[in-house]
2 protein chains.
Amino acid sequence: MRITYKGDYAMKALLDLSIHYELGVSTINDIAKRIDAPVKFLEQVLLDLKKGGFVESRRGNVGGYQLAKDPAKITLGQVVRYIEGPIEPISCVEKNYAKCIDLGCCLFREIWQKVADATSGIIDNISFSDLANKYNAKKEVFAYSI
Amino acid sequence: MRITYKGDYAMKALLDLSIHYELGVSTINDIAKRIDAPVKFLEQVLLDLKKGGFVESRRGNVGGYQLAKDPAKITLGQVVRYIEGPIEPISCVEKNYAKCIDLGCCLFREIWQKVADATSGIIDNISFSDLANKYNAKKEVFAYSI
DNA sequence: CCTTTGTCTACTAAGTCTATTAACATAGTA
DNA sequence: TACTATGTTAATAGACTTAGTAGACAAAGG
């Protein structure tokens with residue numbers, strides 16, 4: 001697995017919308033400013049997230065984006081898989097071979113499967129409400145430290 | 001982390017040389033046939049592995065490649081890091097920030113660090129002698145099943 | 001010498017990543 | 001209705017990476 005800028009922006013945008021959940025829609029411009037992303041690129045990312053059912057949008061003068069569901073029901077794993085594709089580090093792992101012809105390939109495959117499982121164990125157990133809570137906690141600590 | 005074909009060939013070549021350890025050198029052509037890799041591409045990979053100190057070579061009529069050290073002293077992690085670069089899935093993790101300005105970034109960074117640690121825990125504890133042993137064990141089972 | 005091998009440099013075709021541009025659709029407001 | 005602010009969509013471009021390919025060169029042995 002690797003995280004591209006697209007994925008990075010997608011996760012930050014969803015965290016931003018999680019923090020602003022129930023405060024109505026946010027415009028692309030506002031989100032872009034808050035997470036420091038190029039506006040036109042963020043457009044594509046948000047559109048993609050909309051297709052994936054993570055966010056919903058409203059056009060027009062008071063338009064914008066908001067989460068399509070409760071942030072507690074969106075996991076980091078769902079987003080990463082949707083934006084970046086399978087988390088397995090090698091293509092061989094992705095295919096569910098009944099039997100592996102190449103013994104060497106089969107050997108490594110087991111290892112990458114373990115790596116993928118370990119990764120899943122982490123990112124599938126983190127929701128965006130967890131992240132929003134952590135963010136707010138950090139913000140408080142940060143505010144006190146000034 | 002992701003594994004490219006280059007990394008895939010590198011690992012398979014090292015496994016192949018581990019299996020043939022103490023049997024003298026193998027030519028690029030032989031290795032390529034055994035692991036099913038393009039000869040000229042494997043050339044570059046082996047040259048790279050030589051620069052990394054994993055293999056050594058002999059030119060000429062009886063030339064070829066062999067492991068530069070005991071397969072028990074080569075871990076999968078070493079090879080992956082050398083060929084593919086840092087295993088952290090995002091650039092932010094790679095830099096050792098004293099303090100993170102962007103709270104959101106910092107939040108995700110912790111997660112990718114966890115993922116990287118979990119991955120390291122797996123691949124840093126597998127040596128090529130482990131792999132060679134597993135390979136031979138599998139080969140026996142495979143032979144019996146025919 | 002000749003053959004067989006590794007060494008090295010350069011090149012390429014294809015794909016991915018990170019945007020940018022511009023035309024268009026929609027919803028609210030004056 | 002006209003205007004403006006917003007989201008929608010398709011196309012494109014430059015930089016970079018990937019996965020090879022080609023060919024000249026160097027060394028070792030017979």
Side-chain angles (χ1 to χ4, degrees), chain A residues 1-13 17 24-68 80 82-86 89-92, chain B residues 1-13 16-17 20 24-68 80 82-86 89-92:
Chain A
M1 182 186 57
R2 64 189 274 237
I3 307 297
T4 63
Y5 269 90
K6 186 179 177 184
D8 191 46
Y9 292 144
M11 290 182 286
K12 286 181 180 170
L17 291 178
V25 297
S26 299
T27 66
I28 298 178
N29 272 286
D30 287 347
I31 302 171
K33 271 182 203 160
R34 292 194 296 246
I35 70 172
D36 191 32
V39 180
K40 298 300 276 182
F41 190 39
L42 187 60
E43 260 185 38
Q44 295 173 37
V45 176
L46 286 169
L47 219 48
D48 217 349
L49 287 175
K50 187 185 173 186
K51 280 180 196 159
F54 297 102
V55 298
E56 54 195 18
S57 63
R58 266 176 53 192
R59 288 183 166 189
N61 213 5
V62 291
Y65 279 92
Q66 64 187 12
L67 288 188
V80 170
Y82 180 73
I83 298 289
E84 307 285 7
I90 201 166
S91 57
C92 177
Chain B
M1 182 185 57
R2 65 190 273 235
I3 307 298
T4 62
Y5 270 88
K6 185 179 177 184
D8 191 46
Y9 292 143
M11 291 182 285
K12 286 180 180 170
D16 186 71
L17 290 178
H20 296 87
V25 298
S26 299
T27 67
I28 298 178
N29 271 285
D30 286 349
I31 301 172
K33 271 182 204 160
R34 292 195 296 248
I35 70 173
D36 191 31
V39 179
K40 296 297 279 182
F41 192 39
L42 187 60
E43 255 186 44
Q44 295 173 34
V45 176
L46 285 170
L47 221 47
D48 216 349
L49 286 174
K50 187 185 174 186
K51 279 181 196 158
F54 297 102
V55 299
E56 55 195 19
S57 63
R58 266 176 54 194
R59 286 183 168 188
N61 214 3
V62 291
Y65 278 94
Q66 63 187 13
L67 288 189
V80 170
Y82 180 74
I83 298 289
E84 307 285 8
I90 200 166
S91 57
C92 179

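Chain naming here is simple, since letters A, B, ... match the order of the sequence lines and numbering starts at 1 in each.
Residue A:Tyr65 places at least one side-chain N or O closer than 4.0 Å to OP1 or OP2 of D:dT8. Phosphate contact (OP1/OP2 of C:dT18, side-chain N/O of A:Tyr9, threshold under 4.0 Å): absent. For B:Thr4, no side-chain nitrogen or oxygen approaches OP1 or OP2 of D:dT17 to under 4.0 Å. In this structure, A:Thr27 does not reach the D:dG7 phosphate: none of its side-chain N or O atoms is under 4.0 Å from OP1 or OP2.
For B:Asn61, the side chain to side chain contact (heavy atoms under 4.5 Å, CB included) criterion is met by no residue, not counting sequence neighbours.
Looking at heavy-atom distances under 4.0 Å, B:Ile28 makes contact with sugar-phosphate atoms alone, never a base. Within the nucleic acid shown, A:Lys50 comes within 4.0 Å of sugar-phosphate atoms alone, with no base atom in reach, counting heavy atoms only.
A salt bridge does not link B:Lys12 to B:Asp36: none of the charged side-chain nitrogens sits closer than 4.0 Å to a carboxylate oxygen.
Distance, B:Asp48 CG to C:dT9 P: 13 Å, rounded to whole Å. Note: OH (B:Tyr5) to C1' (D:dG20) measures 12 Å, nearest angstrom. Atom CG of A:Leu17 is separated from atom P of D:dG7 by 11 Å (rounded to the nearest Å).
To the nearest 0.5 Å, atoms CD1 (B:Ile3) and CE (B:Met11) are separated by 4.5 Å. The line from CG of B:Asp30 to CG of B:Asp16 is 9.0 Å long, rounded to the nearest 0.5 Å. Of the inter-residue distances, the one linking A:Leu49 atom CG with A:Leu17 atom CG reads 8.5 Å to the nearest 0.5 angstrom.
A donor-acceptor pair shorter than 3.5 Å cannot be found between the side chains of B:Gln66 and B:Ser26.
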Footprint string (nucleotides 22-30 of chain C, 5' to 3'): B base within contact, S backbone only, - free, heavy atoms under 4.0 Å: B--BBBSS-
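Between A:Tyr82 and A:Phe54, the ring center distance clears the sub-6.0 Å criterion.
With hydrogens and angles ignored, no donor-acceptor pair closer than 3.5 Å exists between the side chain of B:Gln44 and the base of C:dT7.
Distances were taken from every side-chain heavy atom of A:Leu47 (C-beta onward) to each of C:dT20, D:dG20, D:dT9; the shortest belongs to D:dT9.
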